[in-house]
Amino acid sequence: MFGIISFKTFVRNLNDGNKIPAIGFGTFLIPADGSTCKAVKTALDLGVRHIDTAVAYFNEQEVGEAINESDVERENIG
């Protein structure tokens, strides 16, 4: 079994003073058949706070659903 680490400690400072999580979860090539929603919810549950998505991935609706269904506040997701 793998140990859980805190992804919150992996943050990079940007030149404009903002911070961004250094570790993210990519959604490219995950099908929009419920798989994306499940995967993003799992990533959020594990502490990931950077979700990469794009309209071109054709699964952004499920990314939004996962964020809405999670206990993580939207402003805490980069």
Checklist entry - Which atom names give the shortest non-hydrogen contact between C37 and A66, and what distance separates them? => result O-CB, 3.5 Å

Checklist entry - Can you check whether V72 reaches S70 side chain to side chain, under 4.5 Å on heavy atoms? => result yes

Next on the checklist: Other residues, nucleotides and ligands only: do more than 12 of their heavy atoms fall within 6.0 Å of CG on N15?
Outcome noted: no

Next on the checklist: Check whether N13 reaches the backbone of N18 with its side chain - one donor and one acceptor, N or O, closer than 3.5 Å.
Outcome noted: no

Next on the checklist: Taking T53's backbone N and O only, do any of them form a donor-acceptor pair with E60's side chain (distance below 3.5 Å, no angle check)?
Outcome noted: no

Item to check | Gap separating the OG atom of S35 from the CD1 atom of I30, nearest 0.5 angstrom | outcome: 8.0 Å

Checklist entry - Distance from L14 atom CG to I20 atom CD1, nearest 0.5 Å? => result 5.5 Å

Next on the checklist: Please determine whether the number of non-hydrogen atoms from other residues, nucleotides or ligands lying under 6.0 Å from atom CD of E69 exceeds 12.
Outcome noted: yes

Checklist entry - Can you get from Y57 to I67 by hopping between Ile, Leu, Val, Met, Phe, Trp and Tyr side chains that sit under 4.5 Å apart? => result no

Checklist outcome for this item: Value for CZ (R49) from CD (E73), rounded to nearest 0.5 Å, stands at 10.5 Å

Checklist entry - With distance as the sole test, does T36 use its side chain to make a donor-acceptor pair with the main-chain N or O of P31 at under 3.5 Å? => result yes

Checklist entry - Is there a side chain to side chain contact (heavy atoms under 4.5 Å, CB included) between D52 and F25 once you walk through the steps? => result CA-CA 6 Å; D52 171 56; F25 181 76; over 6 Å; no

Next on the checklist: To check you understand the geometry: which heavy-atom pair defines the closest contact between G34 and E62, and what is its length?
Outcome noted: N-OE2, 2.9 Å

Next on the checklist: What's the separation between atom NE2 in H50 and atom CG in L44, rounded to the nearest 0.5 Å?
Outcome noted: 12.0 Å

Checklist entry - About how many Å separate NZ of K41 and CG of D71, when rounded to the nearest 0.5 Å? => result 10.5 Å

